[in-house]
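Heads up: the structure comes next, in structure tokens.
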Amino acid sequence: MAKIINVIKGTKDILPQDVEQWHILESKALEIFSKYGYKEIRTPIFEATELFARGVGDTTDIVNKEMYTFEKSERSLTLRPENTAGVVRSYIENGMARLSAPVKLWYKGPMFRYERPQAGRQRQFHQVGVEMFGIKNATADAEVILLAVNYLKSLGLNDLEVELNSLGCPTCREAYKAKIKEVLKPEFDNLCEDCQNRYEKNPLRLLDCKVESCKAIFEKPEIQKVIQSDFICEECAAHFAELKTYLDKLNVKYTINKLLVRGLDYYNRTVFEIKSNNLGSQNAVCGGGRYDSLVRNLGGEDTPAVGWAMGMERLNSLLPVPELELLDGYIVSTSPVEAFELAEDLRDKGFKVEFDLANKKFTKQLEKASKVAKRALILGEDEIKAGTVAVKNLSTGEQVSFPRNQLPQVLAQG
RNA sequence: GCGCCUGUCGUCAAGCGGUUAAGACCUCGGAUUGUGGUUCCGAUAUGCAUGGGUUCGAAUCCCAUCAGGCGCCCCA
């Protein structure tokens, strides 16, 4: 036997028995997002590396160590690690700024990140996401969050926790960063190595460090005071307050998490995550926020935007496994020609029908029927002569013969 | 990139230095030449991730490699 070739580490086959779940995620996405006026967009799976370097941010782990990058014809290309940058690129390139705002887009598809696989984390995984361009008001943030919650509800996921925070605008955030650095300066030598790096690169990400010694430092009153302080400027605070009002009125439950810092550089003001307790350590099913400077950073007009993405594998692991659908009928026959004709006739009328292509013995065919179909459609010598089909209900055992032309009505009865 | 754990049939597994490598499910065949899902019988690993080593003897112990899982980090 030749050597077997395996799937690549961190990738998975989506097998026939699991595909129904994916259909549910996708069809609900289309259904719910359409109600809010979102149109689907499909962008390429690879893009210029620079798009992600500039878009996602070159201080992020995603760009620094997790990208699948390759060279072709002296161009550096990268398999998309997320899709916001790609959608923004397309928005700019296709002149969507000329469309009447808001421009609402949604997408689904595979993303690629070179990370160590574990529960809820693969190297090729799938996201559904939405992006809304052109509205700076908190109504946009609210609609997008509401949309996420309603999509999850439509999947039967009602009790997930929404966590919310505001990062402020670049101006007030810089001031906040400076304050954090200042108050942590005396402790610098006691911080873990990662935190010492983050101190310079991105002080905001210091705050949720899980190393015990760092946690202890952050517990100190004078440091907590800075962390918990409402550093954001008046305008940002008003925006955040407005958002909270909408969510309250719309009965969206949320908790404020001051430590919530999305790891992507482009976020400002609103950031949020939706988490589940049933997912192990990778517990976020949804993450998103506002990114008002990304369009400009990628060469477009200054355009406010909000969006989020959900991990489809994580969603699936929260959903019950749907039962395999049974055929409407399985034809049991000794005559392949007759079986073919009947099968095609019924398929043409919209029914799901199979028969035994190997022409096995009668009992074997019936056994197969009982496994894959609601009923056996028995089409033997006698029935062929009489122009009938014996319909056997495989759960009750009940069997009645009908003229062939009545079959569609009989099958239609469920 | 770091830490811990695990690799025995398509799947779930027993075995813990000497066995003929249990068992169950699935699949296939038969009992049953037109009546299944219940039952009964039978088939299916010269093989224990791979390569070395220790031993009279290795699926069992040791080392390496590979693969998988989980955690850190990060994120969906």
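Naming convention: chains lettered A, B, ... in sequence-line order (proteins, then strands); numbering from 1 in each chain.
- Applying the salt bridge (Lys or Arg N to Asp or Glu O under 4.0 Å) definition to pairs two or more places apart or across chains, those involving residues 141-161 of chain A are A:Lys104-A:Glu143, A:Asp141-A:Arg290.
- Scanning for ring-ring contact (aromatic ring centres under 6.0 Å, His included) contacts around A:His239 gives an empty result, with sequence neighbours left out.
- For A:Gln399 against B:U35, a side-chain-to-base donor-acceptor contact under 3.5 Å is present.
- Applying the ring-ring contact (aromatic ring centres under 6.0 Å, His included) definition to pairs two or more places apart or across chains, those involving residues 129-181 of chain A are A:Phe33-A:Tyr151, A:Tyr91-A:Phe133, A:Tyr176-A:Phe231.
- Residue A:Ser370 has its side chain nearest to B:G36 when only B:A76, B:G34, B:G36 are considered.
- Taking the side chain of A:Lys65 as heavy atoms from C-beta on, and the options B:U32, B:C73, B:C75, the nearest nucleotide is B:C73.
- Minimum atom distance to the side chain of A:Gln118 is reached by B:G71, of the listed B:U32, B:G71, B:C75.
- Checking B:U65 for Watson-Crick or G-U wobble geometry (two distances, each under 3.5 Å) identifies B:A49 as its partner.
- Residue A:Ala369 is classed as having no contact, given no heavy-atom separation below 4.0 Å to the nucleic acid.
- One finds a salt bridge joining A:Arg89 and A:Glu47 here, because a Lys/Arg side-chain nitrogen approaches an Asp/Glu carboxylate oxygen to under 4.0 Å.
- Under 4.0 Å is where a charged nitrogen must lie from a carboxylate oxygen, and between A:Lys185 and A:Glu182 no such pair does.
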Close N or O pairs between protein and nucleotides 1-6 of chain B (under 3.5 Å):
| residue | atom | partner | partner atom | Å |
| --- | --- | --- | --- | --- |
| B:C2 | N4 | A:Arg116 | NH1 | 3.1 |
| B:G3 | O6 | A:Arg116 | NH2 | 3.4 |

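- Of the residues in residues 385-396 of chain A, those with a non-hydrogen atom less than 4.0 angstrom from any atom of RNA chain B are A:Lys392, A:Leu394, A:Ser395.
- Not a single ring-ring contact (aromatic ring centres under 6.0 Å, His included) links A:Tyr267 to another residue, sequence neighbours left out.
- Pair assignment for B:G17: none, as no Watson-Crick or G-U wobble contacts are both less than 3.5 Å.
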Between the protein and nucleotides 24-30 of chain B, which nitrogen or oxygen pairs are less than 3.5 angstrom apart?
| residue | atom | partner | partner atom | Å |
| --- | --- | --- | --- | --- |
| B:G30 | OP1 | A:Lys361 | NZ | 3.1 |

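- Judged by Watson-Crick or G-U wobble contacts below 3.5 Å, the nucleotide B:U33 has no partner.
- Pairing for B:U55 is absent, judged as Watson-Crick or G-U wobble with the two contacts each under 3.5 Å.
- Counting heavy atoms from C-beta on, the side chains of A:Leu79 and A:Phe70 come closer than 4.5 Å.
- Each of B:U35, B:C74, B:G68 was ranked by its minimum atom distance to the side chain of A:Lys9; first place goes to B:G68.
- Within 4.0 Å of A:Glu273, counting heavy atoms only, lies no atom of the nucleic acid at all.
- You won't find any donor-acceptor pair under 3.5 Å spanning the side chain of A:Glu66 and the base of B:C75, going by distance alone.
- Residues passing the side-chain contact (heavy atoms from CB on, under 4.5 Å) test with A:Asn137, sequence neighbours excluded: A:Ile135, A:Thr139.
- A:Gly380 comes within 4.0 angstrom of a nucleotide base, judged by non-hydrogen atoms across all strands.
- Within 4.0 Å (heavy atoms only), A:Gly397 reaches at least one base atom of the nucleic acid.
- Qualifying side-chain contact (heavy atoms from CB on, under 4.5 Å) partners for A:Lys368, counting only residues two or more places apart in sequence or in other chains: A:Tyr330, A:Val372.
- You'll find that the side chain of A:Leu366 is closest to B:U35, out of B:U35, B:G69, B:A76.
- Applying the ring-ring contact (aromatic ring centres under 6.0 Å, His included) test to pairs two or more places apart or on separate chains, those with a residue in residues 355-393 of chain A are A:Phe340-A:Phe355.
- Glycosidic conformation of B:G47: syn, with the torsion inside 90° of 0.
- Ionic pairing of A:Glu398 and A:Lys392 is not present here: no N-O contact between side-chain nitrogen and carboxylate oxygen is shorter than 4.0 angstrom.
- B:G71 is paired with B:C2 under the criterion used here, namely a Watson-Crick or G-U wobble arrangement in which both key atom distances are under 3.5 Å.
- Shown here, B:C9 forms no base pair; nothing in the strands shown gives a Watson-Crick or G-U wobble contact with both key distances under 3.5 Å.
- Taking the side chain to side chain donor-acceptor pair (under 3.5 Å) definition, one finds that A:Glu242 meets it with A:Tyr246, sequence neighbours left out.
- For residues 346-360 of chain A, the pairs satisfying side chain to side chain donor-acceptor pair (under 3.5 Å) are A:Glu325-A:Lys352, A:Glu344-A:Arg347, A:Asp345-A:Lys349, with sequence neighbours left out.
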